[in-house]
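See below for the structure under consideration.
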Amino acid sequence: MDLYSKIDADIKAAMLAKDRIRLQALRGIKKEFIEGKTAPGSNGELSDEAAMKILAKMAKQRRESARIYNEQNRPELAQTELDECEIIEAYLPKALSDEELTAELTAIIASTGASSPADMGKVMGVATKALAGRADGRAISAKVRELLAK
């Protein structure tokens, strides 16, 4: 079952369970998937890779909104955003731990032959593709900078 079909099935289950927040988050996901399918340049299909990029973007947006709501002293709105983010993240692959990220990046640095901070662009190009959806871009960048500085 592809991700789009799984979201459809989960929407039906959320409707039956009368889970308002879950239903709202899943409908938002489906909306983004439909927009991705009908976007110019797409062939009416949505690959699981493209779907993962959409989900990662949505989760990042929810975290950022929650941060802003907390700054504006609106904890009830922040909590709603965090709840939706948690539901969205359930469909993403498990994030890498710091040790796993270090191991993956060490292997990528070795395979690209990078040896100094000047080679960061070469490493980042490979790393962002290889670790898409499993690690945040800022975390990858910081860890690459740290590893290349040694």
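Please read these numbers as outputs of a predicted model, since none were measured by experiment.
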When rounded to the nearest 0.5 angstrom, what is the spacing between [atom1] in [X] and [atom2] in [Y]?
{"X": "Leu148", "Y": "Met124", "atom1": "CG", "atom2": "CE", "value": "10.5 Å"}
{"X": "Leu23", "Y": "Lys30", "atom1": "CG", "atom2": "NZ", "value": "10.5 Å"}
{"X": "Arg27", "Y": "Ile7", "atom1": "CZ", "atom2": "CD1", "value": "13.5 Å"}
{"X": "Met58", "Y": "Glu84", "atom1": "CE", "atom2": "CD", "value": "7.5 Å"}
{"X": "Leu105", "Y": "Leu131", "atom1": "CG", "atom2": "CG", "value": "5.5 Å"}
{"X": "Ile109", "Y": "Lys143", "atom1": "CD1", "atom2": "NZ", "value": "10.5 Å"}

Fill in: Whether Glu81 side chain and Ala78 backbone form a donor-acceptor pair below 3.5 Å
no
Discussion item. Under a 3.5 Å distance rule, please check whether Thr112 uses its side chain to pair with a backbone N or O of Ile108 as donor and acceptor.
Written reply: yes
Specify the closest pair of heavy atoms between [X] and [Y], including all atoms of both residues, with the distance to one decimal.
{"X": "Ala59", "Y": "Glu89", "result": "CB-CG, 3.9 Å"}
{"X": "Ala56", "Y": "Leu92", "result": "N-CD2, 3.8 Å"}
{"X": "Leu55", "Y": "Ile88", "result": "O-CG2, 3.4 Å"}

Does the side chain of [X] reach to within under 4.5 Å of the side chain of [Y], using non-hydrogen atoms?
{"X": "Met52", "Y": "Leu3", "value": "yes"}
{"X": "Tyr69", "Y": "Glu76", "value": "no"}
{"X": "Phe33", "Y": "Thr38", "value": "no"}
{"X": "Ile68", "Y": "Gln72", "value": "yes"}
{"X": "Tyr4", "Y": "Lys37", "value": "yes"}
{"X": "Arg62", "Y": "Leu82", "value": "no"}
{"X": "Ser141", "Y": "Met120", "value": "yes"}

Discussion item. Quick one about Ser5 and Asp2 (side-chain donor to acceptor, distance below 3.5 Å, no hydrogens or angles considered), yes or no?
Written reply: yes
Item to complete: Please test Lys31 against Glu35 for salt bridge (Lys or Arg N to Asp or Glu O under 4.0 Å), starting from the C-alpha separation and ending with a verdict.
Response: CA-CA 6 Å; Lys31 174 191 145 308; Glu35 287 178 4; 3.2 Å; yes
Item to complete: Walk me through it: do Arg74 and Asn70 pass the test side-chain contact (heavy atoms from CB on, under 4.5 Å)?
Response: CA-CA 6 Å; Arg74 299 293 306 268; Asn70 279 326; over 6 Å; no
Worksheet item: Is there a side-chain contact (heavy atoms from CB on, under 4.5 Å) between Ile54 and Leu46 once you walk through the steps?
Response: CA-CA 10 Å; Ile54 290 170; Leu46 185 70; 4.1 Å; yes
Around [X], counting heavy atoms of other residues, nucleotides and ligands shown, do more than 12 lie under 6.0 Å from its [atom1]?
{"X": "Lys122", "atom1": "NZ", "result": "yes"}
{"X": "Glu86", "atom1": "CD", "result": "no"}
{"X": "Glu71", "atom1": "CD", "result": "yes"}

Discussion item. I'd like to know if Glu32 pairs up with Lys53 as an ion pair, taking the criterion as any Lys NZ or Arg NE/NH1/NH2 lying under 4.0 Å from an Asp or Glu carboxylate oxygen.
Written reply: no
